[in-house]
Amino acid sequence: MMALALVACQPKTELIPAENFEADIDGRPVRLYTLKDGDITLQVTNYGARVVSILTPDRKGHLTDIVAGHNTLQEYIYPPAERFLGACVGPVANRIGGASFEVDGVTYHTPVNDNGANTLHGGLIGLDHVVWEVTYATDKALAFKYVHKDGQEGFPGNLEIVMTYNVTPDNGFRIDYSASTDAATPVNITNHPFFCLRGEGTGTVEDYEMWIKASRYLPIDAQSIPTGEIASVEGTPFDFREVHTIGERIGEDNEQLRNAHGYDHNWCLDKEKKGVELVCRVHDPVSGRTVEVLTDQPGLQFYSGNFFAGAEKGKNGKVYGFRSSLALETQGWPDAVNHDNFPSVLLRPGEYYSHSCIYRFSAE
């Protein structure tokens, strides 16, 4: 998203030590968990339900960490730059224009933490700077719970969120979310791993080859707030219905690319069914790694790392920078709370929010 980011994605074949994440915050234990199945190893902390590390093999079988992140808890609590690395974000992911919305005639105000006017990813604390309760943990799965209280950061309702992370034998990382509330409130939760499929701290995502199953996208204004238009991708740099490299058209003289300094938009997915289906594929021709994205949600936010500034050294001494990783966030459409023509993200008492996403990895 549009936030200055100076972060690292370094090659790593060893697991992060669990003791690097052992702490108590406000009386709640924080820990690091390791999940493994097939060729995928995942490390997660319950601080922000963050994905800290994903180890997968390249075409030669070499294991490398393919997500940007940190080696210690302190670096997530006090981030040197990008705040949302690997985190669960919400209760309303993406942006709320004007940091306000209306439900049943009542206007609610949320924190301003984006462009001096808007709310980004839930506010000043959101779901990424809280300690989630771990309700069970195995070597292949984790279950989390968190109650976002009525009035917290301006959102109405006591929102109880349950989330599970699973690794699967087909080298998948599956996320399942559910939520219920005691008052009408908007809910749009997602996860924010930054993928660097090469895992070497060199090169950019511009070389990656991308396919997105979407014939429409949401244009944005200069503050990255959707204008309300639902536009065709036909004849634009946003048409990934056929495979293109990310960098092929990213430098074109296009107002939308200028507004986001590259890609940072919601693609309106051409869903064929209500359940989970394949909607995106990204391939790195250098390492041979591919990530596929499967979801039941109506939108995919693709961010091409336009604000990774390259001024900070990573843990291995290399400099990481501009467009060195990308985010693929499955979600409802951004700022839907302020656009009646967008699919609703409003959850009412007696209803249940559910959302599933799978990131599936391979190499060829």
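Values reported hereafter were calculated over all heavy atoms of this structure, with side chains retained and with hydrogens, waters and symmetry mates removed. Here the structure is a predicted model, which means the values were calculated and not measured.
- Atom CZ of Arg28 sits in a sparse spot, with 12 or fewer heavy atoms from other residues, nucleotides or ligands closer than 6.0 Å.
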Please walk me through it: do Phe322 and Thr204 pass side chain to side chain contact (heavy atoms under 4.5 Å, CB included)? CA-CA 7 Å; Phe322 186 56; Thr204 75; 5.9 Å; no
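- To the nearest 0.5 Å, the span separating CG on Leu269 from CD on Gln331 amounts to 10.0 Å.
- Shortest non-hydrogen contact noted between Cys280 and Leu300 is CB-CD2, 3.7 Å.
- Ion pair Glu277/Lys213 flagged as a salt bridge, since at least one NZ, NE, NH1 or NH2 atom sits closer than 4.0 Å to an Asp/Glu carboxylate oxygen.
- For the side-chain contact (heavy atoms from CB on, under 4.5 Å) with Leu257, the lone residue among Asp253, Asn254, Asn259 that qualifies is Asn254.
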For side-chain hydrogen bond (donor to acceptor under 3.5 Å, both in side chains), just list the numbers for Gln43 and Thr34, CA-CA rounded to whole Å, side-chain angles, deciding distance to a tenth of an Å, and then say yes or no. CA-CA 5 Å; Gln43 289 191 286; Thr34 299; 3.3 Å; yes
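- Proximity of Leu35 to Phe173: side-chain heavy atoms (C-beta onward) are nowhere separated by under 4.5 Å.
- Salt bridge status for Asp296 with Lys274: absent, with no side-chain N to carboxylate O gap under 4.0 Å.
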Side chain to side chain contact (heavy atoms under 4.5 Å, CB included), that's the test. Do Leu197 and Val282 meet it? Break it down for me. CA-CA 9 Å; Leu197 298 178; Val282 180; 4.1 Å; yes
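- Around NZ of Lys36, the count of heavy atoms belonging to other residues, nucleotides or ligands within 6.0 Å exceeds 12.
- The residues Glu364 and Arg289 are annotated as not salt-bridged, no charged nitrogen and carboxylate oxygen being separated by less than 4.0 angstrom.
- Counting all heavy atoms, side chain and backbone alike, Arg59 lies closest to Pro285 at NH2-O, 3.0 Å.
- Arg83 CZ to Ile77 CD1: the interatomic distance, rounded to the nearest 0.5 Å, is 13.5 Å.
- Distance check: Asn171 CG to Asp39 CG gives 4.5 Å after rounding to the nearest 0.5 Å.
- Checking Val51, Val131, Val134, Val30 one by one against Thr45, the side-chain contact (heavy atoms from CB on, under 4.5 Å) holds for a single residue, Val30.
- For Phe101, the ring pair (Phe, Tyr, Trp, His ring centres under 6.0 Å) partners two or more places apart in sequence, or in a different chain, are Tyr108, Phe155.
- Summarising the local packing, OH of Tyr78 is surrounded by 12 or fewer heavy atoms from other residues, nucleotides or ligands at distances under 6.0 Å.
- The two residues Ser53 and Val67 come nearest to each other via the heavy atoms CA-CG2, 3.8 Å.
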In a table with atom names and distances, give each donor-acceptor pair under 3.5 Å that connects a side chain of residues 240-248 to protein atoms at least two apart or in another chain.
{"residue": "Arg241", "atom": "NE", "partner": "Asp239", "partner atom": "OD1", "Å": "2.9"}
{"residue": "Arg241", "atom": "NH2", "partner": "Glu234", "partner atom": "OE1", "Å": "2.6"}
{"residue": "Arg241", "atom": "NH2", "partner": "Asp239", "partner atom": "OD2", "Å": "2.8"}
{"residue": "His244", "atom": "ND1", "partner": "Glu248", "partner atom": "OE1", "Å": "3.1"}
{"residue": "His244", "atom": "ND1", "partner": "Glu248", "partner atom": "OE2", "Å": "3.2"}
{"residue": "Thr245", "atom": "OG1", "partner": "Glu248", "partner atom": "N", "Å": "3.2"}

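- Side-chain contact between Leu142 and Val44 is present, with at least one heavy-atom pair separated by less than 4.5 Å.
- Looking at heavy atoms from C-beta onward, Ile189 lies in side-chain contact with Leu127 at the 4.5 angstrom threshold.
- Ring centers of Phe84 and His121: under 6.0 Å apart, within the cut-off.
- Annotation for Ala49 and Tyr165: closest pair O-OH, 2.7 Å, computed over non-hydrogen atoms.
- For Gly157 against Ala183, the heavy-atom pair with the smallest separation is CA-CB, 3.7 Å.
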Tyr263 vs His265, side-chain hydrogen bond (donor to acceptor under 3.5 Å, both in side chains): CA-CA, chis, key distance, verdict: CA-CA 6 Å; Tyr263 294 112; His265 296 74; over 6 Å; no
Asp264 and Gln301: CA distance, side-chain angles, deciding distance, side-chain hydrogen bond (donor to acceptor under 3.5 Å, both in side chains) verdict: CA-CA 7 Å; Asp264 189 8; Gln301 185 85 10; 3.0 Å; yes
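- Judged as a salt bridge (charged side-chain N to carboxylate O under 4.0 Å, His left out), the pairs with a partner in residues 332-354 (not counting sequence neighbours) are, in order, Asp104-Arg348.
- The pair Arg323-Glu206 meets the salt-bridge criterion, with a side-chain N (NZ, NE, NH1 or NH2) lying under 4.0 Å from an Asp/Glu carboxylate O.
- If you check the side chains of Asp176 and Ser356, you find a donor sitting under 3.5 Å from an acceptor.
- Across Asp65 and Val52, no two heavy atoms sit closer than the pair OD2-O, 4.2 Å.
- Between Gln256 and Phe238, some side-chain heavy-atom pair lies under the 4.5 Å cut-off.
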Where do Thr190 and Thr330 land on the side chain to side chain contact (heavy atoms under 4.5 Å, CB included) test, with the steps shown first? CA-CA 6 Å; Thr190 192; Thr330 63; 4.2 Å; yes
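- The aromatic rings of Tyr217 and Trp267 lie tilted to each other, with the angle between the two planes from 30° to 60°.
- In this structure, a donor-acceptor pair under 3.5 Å is present between the side chains of His129 and Tyr47.
- In summary, the side chains of Asn20 and Thr72 do not present any donor paired with an acceptor at a separation below 3.5 Å, with no hydrogens or angles considered.
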In sequence, state the C-alpha distance, the side-chain angles, and the governing distance for Asp270 and Arg216, and then conclude on salt bridge (Lys or Arg N to Asp or Glu O under 4.0 Å). CA-CA 8 Å; Asp270 295 335; Arg216 300 174 300 161; 5.0 Å; no
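- Residues Glu329 and Asn191 have side chains that never bring a donor and an acceptor to within less than 3.5 angstrom of each other.
- Within the 4.5 Å cutoff, side-chain heavy atoms of Trp333 are placed close to those of Pro343.
- Looking only at side-chain heavy atoms (C-beta outward), Trp132 and Ile161 come within less than 4.5 Å of each other.
- We find that Asp207 and Arg198 are joined by a salt bridge, their nearest charged nitrogen and carboxylate oxygen being less than 4.0 Å apart.
- Taking CZ of Phe194 as the reference point, atom CD1 of Ile66 lies at 14.5 Å (rounded to 0.5 Å).
- Counting only N and O atoms by type, the side chains of Asp150 and Asn158 include no donor and acceptor under 3.5 Å apart.
- Side-chain contact check for Ile225 versus Ile220: every heavy-atom pair is 4.5 Å or farther apart.
- Residue Thr119 is tested with Asn94, Val337, Ile96 for a side-chain contact (heavy atoms from CB on, under 4.5 Å); the sole match is Ile96.
- To the nearest 0.5 Å, atom CG of residue Asn46 and atom CG of residue Leu73 are 9.0 Å apart.
- Within the 4.5 Å cutoff, the side chain of Met163 has no heavy atoms near those of the Tyr146 side chain.
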Show the numbers, then the answer: is there a side chain to side chain contact (heavy atoms under 4.5 Å, CB included) between Leu15 and Leu55? CA-CA 9 Å; Leu15 296 178; Leu55 290 169; 3.7 Å; yes
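- Atom OG1 of Thr164 is separated from atom NZ of Lys145 by 14.5 Å, given to the nearest 0.5 angstrom.
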